[in-house]
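Heads up, the thing below is written out as structure tokens.
Indexing begins at 1, ligand by ligand and atom by atom, following the structure's order. In this text the structure is predicted, and so the values were computed from the model without any measurement. Numbers for residues simply follow the sequence, beginning at 1.
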Amino acid sequence: MHKYNKGLLFGVLTLLATQSALAADCAPAQVQKGEALFGSDCSVCHSAKAGGPTMMGPNLHGLYGRKSGSLAGFSYSQAMKTKAVEWQMDSLEQFIAQPQGFVAGTYMPYVGMASGDDRRAVGCFLGAQK
Ligand code: HEC
């Protein structure tokens with residue numbers, strides 16, 4: 001009985017680990033959805049293409065791993081530079097949920113994206129811009 005319980009526990013833990021690994025993955029459908037959302041909500045101010053133009057906002061190609069406010073040649077707010085957060089899917093999602101809440105004093109005039117699913121999709125899209 002004791003042995004059986006251990007085996008069961010191991011099975012459950014393995015299942016949980018597999019599921020959270022899947023959740024962190026971006027399905028192609030999420031990337032597609034994110035592309036559409038980026039088009040409607042972000043692309044008026046941002047390009048996500050390699051070598052794309054600086055618009056009202058900085059280029060977002062290769063965003064993950066970059067420190068906030070660090071793209072050479074873009075005139076950031078002091079707030080964005082001081083925040084010095086490393087952009088990853090998590091920090092990006094927090095920022096676009098409520099830009100002024102995450103970086104008080106940011107120049108980014110975007111009110112926020114309400115749906116967590118939508119924010120994840122945008123995060124997936126940006127991560128897929130290789
Ligand atoms: C109306 C223009 C506008 C819109 C719309 C907009 N942004 Fe921005 N974004 C900016 C500006 C301006 C900055 C620079 C902010 C600062 O310096 O405080 C910025 C900064 C950022 C940064 C920080 C980049 C860096 O190099 O540190 C990220 C990430 C970002 N925006 C993502 C998004 C996403 C994703 C969307 C769509 C959900 C979006 N933005 C919508 C104008 C915009």
Exercise. When you measure from atom 2 (C) of ligand 1 to every protein heavy atom, which one gives the shortest distance, and what is it?
Worked result: Cys45 SG, 1.9 Å

Exercise. Any N/O/S atom, backbone or side chain, of Tyr110 lying under 2.8 Å from atom 8 (Fe) of ligand 1?
Worked result: no

For this session: Compute the minimum heavy-atom distance from Ala79 to ligand 1 and say whether it is under 4.0 Å.
Result: no

Problem set entry | Heteroatom proximity flag, Lys67 to ligand 1, N/O under 3.5 Å | no

For this session: With rounding to the nearest 0.5 Å, note down the distance linking NE2 in His46 to CG in Leu63.
Result: 9.0 Å

For this session: Would you check if atom 8 (Fe) of ligand 1 lies under 2.8 Å from any N, O or S atom of His46?
Result: yes

Exercise. Would you say the side chain of Phe38 lies within less than 4.5 Å of the side chain of Leu126, judging by non-hydrogen atoms?
Worked result: yes

For this session: Output the list of atoms in ligand 1 that are nearer than 4.0 Å to some heavy atom of Ile96, sorted by atom number.
Result: 34 (C), 35 (C)

For this session: Do me a favour and list the nearest non-hydrogen protein atom to atom 37 (C) of ligand 1 with residue, atom name and distance?
Result: Cys42 SG, 1.9 Å

Seminar exercise, completed: Here the atoms of ligand 1 under 4.0 Å from any heavy atom belonging to Ser68 are 27 (O)

Problem set entry | Separation of Met80 CE from Ser75 OG (nearest 0.5 Å) | 12.5 Å

Exercise. N/O of Thr106 under 3.5 Å from N/O of ligand 1, yes or no?
Worked result: yes

Exercise. Looking at atom 12 (C) of ligand 1, what's its closest protein heavy atom, distance included?
Worked result: Met56 O, 3.3 Å

Problem set entry | Gln32 atom CD: more than 12 heavy-atom contacts under 6.0 Å | no

Exercise. For ligand 1, which atoms have a heavy atom of Leu63 less than 4.0 angstrom away?
Worked result: 29 (C)

Exercise. Side chain of Arg119, backbone of Gln94: donor and acceptor closer than 3.5 Å?
Worked result: no

Problem set entry | Rounded distance [0.5 Å steps], NZ in Lys49 versus CG in Leu60 | 12.0 Å

Problem set entry | Test side chain to side chain contact (heavy atoms under 4.5 Å, CB included) applied to Ile96 and Phe102, step by step | CA-CA 8 Å; Ile96 63 175; Phe102 191 65; over 6 Å; no

Exercise. Hey, mind stepping through Ser68 and Glu86 against side chain to side chain contact (heavy atoms under 4.5 Å, CB included) and telling me if it holds?
Worked result: CA-CA 6 Å; Ser68 73; Glu86 181 180 315; over 6 Å; no

Problem set entry | Any Leu92 heavy atom less than 4.0 Å from ligand 1 | yes

Exercise. Below 3.5 angstrom, do we get any N/O pair linking Trp87 and ligand 1?
Worked result: yes

For this session: Considering only non-hydrogen protein atoms, determine which one is nearest to atom 5 (C) of ligand 1 and report residue, atom name and distance to 0.1 Å.
Result: Asp41 O, 3.2 Å

Exercise. For atom 26 (O) of ligand 1, what is the nearest protein heavy atom, given as residue, atom name and distance?
Worked result: Tyr76 OH, 2.5 Å

Exercise. In terms of side-chain geometry, is the basic nitrogen of Asp118 or Lys33 positioned less than 4.0 Å from the acidic oxygen of its partner?
Worked result: yes

Exercise. Hey, is Glu93 close enough to Arg120 for a salt bridge, meaning N to O under 4.0 Å?
Worked result: yes

Seminar exercise, completed: re atom 22 (C) of ligand 1, the protein heavy-atom contact at minimum distance is Phe95 CE2, 3.7 Å

For this session: May I ask you to check if ligand 1 and Val44 share an N or O to N or O distance below 3.5 Å?
Result: no

Exercise. When you measure from atom 13 (C) of ligand 1 to every protein heavy atom, which one gives the shortest distance, and what is it?
Worked result: Pro58 CD, 3.7 Å

Problem set entry | Test side chain to side chain contact (heavy atoms under 4.5 Å, CB included) applied to Val85 and Phe95, step by step | CA-CA 10 Å; Val85 66; Phe95 178 54; over 6 Å; no

For this session: Using a strict cut-off of 4.0 Å, indicate which atoms of ligand 1 neighbour a heavy atom of Phe74.
Result: 14 (C)

Exercise. Does the side chain to side chain contact (heavy atoms under 4.5 Å, CB included) test come out yes or no for Leu37 and Phe125, once each step is laid out?
Worked result: CA-CA 9 Å; Leu37 287 163; Phe125 167 71; over 6 Å; no

Exercise. Are any non-hydrogen side-chain atoms of Phe74 and Asn59 less than 4.5 angstrom apart?
Worked result: no

Problem set entry | atom 32 (C) of ligand 1: the protein heavy-atom neighbour that sits closest, reported with distance to 0.1 Å | Leu60 CD1, 3.6 Å

Exercise. Is Arg66 in contact with ligand 1, taking contact as a heavy-atom separation below 4.0 Å?
Worked result: yes

Exercise. Does an N or O anywhere in Ser77 fall below 3.5 Å from an N or O of ligand 1?
Worked result: yes

